[in-house]
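Side chains are part of it too, since the values below use all heavy atoms of this structure and drop only hydrogens, waters and symmetry mates. Quick note on labels: first sequence line is chain A, next is B, and so on, each numbered from 1.
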Number of protein chains: 2
Amino acid sequence: MAGAATGSKDMAASRLLGVFREHGYDGASLAELSKATGLGRSSLYHHFPGGKEDMAKAVFDHIHEWMEISALAPLREPGDPAERLQKMINAIDRYYVGGYERCLLGSFVLGGSRGRFQPQLKSSFSGLIKALAALAVEAGASQEQGFERAEEAVVQIQGSLVVSGGLDDPAPFRRVMERLPRLILGRS
Amino acid sequence: MAGAATGSKDMAASRLLGVFREHGYDGASLAELSKATGLGRSSLYHHFPGGKEDMAKAVFDHIHEWMEISALAPLREPGDPAERLQKMINAIDRYYVGGYERCLLGSFVLGGSRGRFQPQLKSSFSGLIKALAALAVEAGASQEQGFERAEEAVVQIQGSLVVSGGLDDPAPFRRVMERLPRLILGRS
DNA sequence: ATATCTGAACCGAACGATCGGTACATATCT
DNA sequence: AGATATGTACCGATCGTTCGGTTCAGATAT
């Protein structure tokens with residue numbers, strides 16, 4: 001049992017994530033956070049002494065870890081760029097349940113709590129863009145092209161989640177997922 | 001002075017818009033809505049008997065009206081498609097202050113209050129997509145192509161507002177604004 | 001003309017409920 | 001015993017909403 005030390009806290013964070021995802025930061029109440037985790041109020045404050053804000057930070061860590069392991073790691077493996085990109089796309093598709101689930105990052109950006117979490121948001125978005133840009137460069141793009149393609153990819157992912165949510169129709173998200181390989185790897 | 005009858009209610013709605021835009025639905029408190037409009041709490045309830053939800057609905061109407069007049073009307077005028085599109089792009093750019101201001105539609109989609117306003121959200125997004133699609137078709141695209149381009153345009157606008165907000169950098173939004181003409185009107 | 005009535009617009013105070021957060025005594029484990 | 005974890009009861013602040021009451025322009029009545 002070497003690396004399994006993150007156990008209970010990580011479990012809590014994933015439950016908290018669900019609540020923040022559904023209600024946003026302001027909309028997520030301690031009552032629901034408590035119910036979702038199965039922890040009483042004081043237990044929550046034991047694990048997250050900084051209160052609600054601390055819980056949200058833990059959720060960011062959780063997301064960061066997920067992104068690193070499930071989305072970015074495949075991009076850095078050896079092998080065919082197209083295959084590695086597809087692994088990441090599949091991970092993202094699973095994460096957003098085909099476009100039916102909201103993005104917590106987007107929710108925090110557009111919600112009233114942007115300022116509080118700007119560093120985490122910035123780090124998440126730029127990390128994602130950088131990893132995708134590296135892959136694009138590997139696939140033959142120039143540094144500048146690679147960055148532009150990567151930024152556009154993240155823009156389209158985020159935008160499609162908003163539009164799919166607004167239309168109550170996962171099709172826009174699905175179409176973006178299909179466009180991603182050509183967008184990142186080039187037009188041929 | 002014929003059509004100026006929408007006066008005070010519309011004025012209030014535009015002030016309310018600012019608060020909802022900045023704090024989201026859950027984050028916007030009656031105290032701030034009152035301060036922003038200059039109306040006391042109970043005066044707000046006089047104009048919006050349905051309370052906070054009613055105020056948000058009024059804000060949607062306000063947005064719908066703005067979109068119809070400032071963004072969509074130019075698209076329907078006679079004249080060069082590229083020029084008409086550029087008018088709309090300029091209007092959007094002004095509306096989001098070059099990427100520094102949030103989108104209320106996106107905020108409501110990603111926030112906890114999506115279900116309450118789904119009809120309005122759906123109508124706004126699909127109206128925008130339809131108008132852009134019509135212009136694309138006029139510029140030579142097939143029906144299907146036109147719709148795809150229009151959807152992608154809205155996806156990119158929304159996505160760039162999220163990414164620009166997350167990175168605290170208006171550049172992604174600006175780049176999308178620059179890409180829009182080619183995206184809608186075709187590659188040539 | 002002037003007194004009377006009406007109703008829209010407005011207000012601050014107060015409501016019950018819930019908010020995020022704390023204190024503390026009791027478990028549970030080592 | 002001593003540290004870690006949890007449940008209960010509670011705090012003041014703020015939430016969205018409602019209430020009682022005032023102001024004042026304009027219609028109506030005499």
Side-chain angles (χ1 to χ4, degrees), chain A residues 1 4-60 104 107-108 111-117 120, chain B residues 1 4-62 104 107-108 111-117 120:
Chain A
M1 305 294 171
T6 44
S8 80
K9 191 132 173 198
D10 218 50
M11 212 267 287
S14 91
R15 304 292 181 86
L16 295 174
L17 168 58
V19 180
F20 282 122
R21 226 183 184 185
E22 191 179 339
H23 297 97
Y25 183 75
D26 288 310
S29 70
L30 285 194
E32 293 211 59
L33 294 167
S34 168
K35 198 177 65 181
T37 53
L39 272 57
R41 280 169 125 75
S42 53
S43 303
L44 277 177
Y45 272 81
H46 177 72
H47 293 288
F48 309 100
K52 197 176 173 182
E53 186 166 337
D54 222 8
M55 302 178 207
K57 295 252 173 75
V59 166
F60 272 108
L104 183 115
S107 158
F108 276 42
S113 51
R114 183 200 296 190
R116 238 189 276 226
F117 305 105
Q120 288 89 341
Chain B
M1 306 294 170
T6 46
S8 80
K9 193 133 173 195
D10 219 50
M11 212 268 283
S14 91
R15 305 289 181 87
L16 295 174
L17 167 59
V19 180
F20 282 121
R21 225 184 186 183
E22 191 180 339
H23 297 97
Y25 182 74
D26 287 309
S29 71
L30 265 291
E32 294 211 56
L33 294 167
S34 168
K35 197 177 64 183
T37 53
L39 272 61
R41 285 165 122 76
S42 35
S43 302
L44 279 176
Y45 274 80
H46 176 72
H47 291 286
F48 309 100
K52 198 177 173 181
E53 185 166 336
D54 223 9
M55 300 178 208
K57 295 253 174 74
V59 166
F60 272 108
D61 291 345
H62 185 78
L104 182 116
S107 156
F108 276 42
S113 51
R114 182 201 297 190
R116 239 189 275 222
F117 305 104
Q120 288 89 341

Which of A:Val59, A:Leu33, A:Thr37 passes side chain to side chain contact (heavy atoms under 4.5 Å, CB included) with A:Val19? Answer is A:Leu33
Report yes if a side-chain nitrogen or oxygen of A:Ser43 is closer than 4.0 Å to either non-bridging phosphate oxygen (OP1 or OP2) of D:dA5; otherwise report no. no
Closer to the 5' end of DNA chain C via nearest nucleotide, is it A:Ser29 or B:Gly40? B:Gly40
Does B:His46 make a side-chain N or O approach to OP1 or OP2 of C:dC10 shorter than 4.0 Å? no
Just the rounded figure in Å: distance from P of D:dC15 to CD of B:Glu53. 19 Å
Over all atoms of both residues, closest heavy-atom pair of B:Gly27 and A:Asp26: CA-OD2, 3.7 Å
Let me know the distance between NE2 of A:His47 and C1' of D:dA5, rounded to the nearest Å. 7 Å
Figure out the NZ/C1' separation between A:Lys35 and D:dT6, and round it to whole Å. 20 Å
Write down the distance between NZ (A:Lys52) and C1' (C:dT22), rounded to a whole number of angstrom. 17 Å
Minimal non-hydrogen separation, B:Ala12 against B:Phe48, with atom names: CB-CZ, 4.4 Å
Would you mind reading off the distance between B:Leu44 atom CG and C:dC10 atom P, rounded to a whole angstrom? 9 Å
Over how many whole Å does the gap from B:Leu30 atom CG to D:dG16 atom C1' extend? 5 Å
Counting distance alone, no hydrogens or angles: does the base of C:dG12 have a donor or acceptor under 3.5 Å from a partner atom on the side chain of B:Arg41? no
Here the distance between atom P of D:dT8 and atom CG of A:Leu39, to the nearest Å, is 13 Å
Regarding B:Gly27, tell me which of base, sugar-phosphate or nothing describes its non-hydrogen contacts under 4.0 Å with the strands shown. nothing
Hey, is the side chain of B:Ser42 pairing donor to acceptor with the base of C:dC10 inside 3.5 Å? no
Could you check if a side-chain atom of B:Ser14 sits within less than 4.5 angstrom of a side-chain atom of B:His62, using non-hydrogen atoms only? yes
Figure out the OH/C1' separation between B:Tyr45 and C:dA13, and round it to whole Å. 15 Å
Heavy-atom nearest pair, A:Met55 first then A:Leu30, reads CE-CD2, 3.8 Å
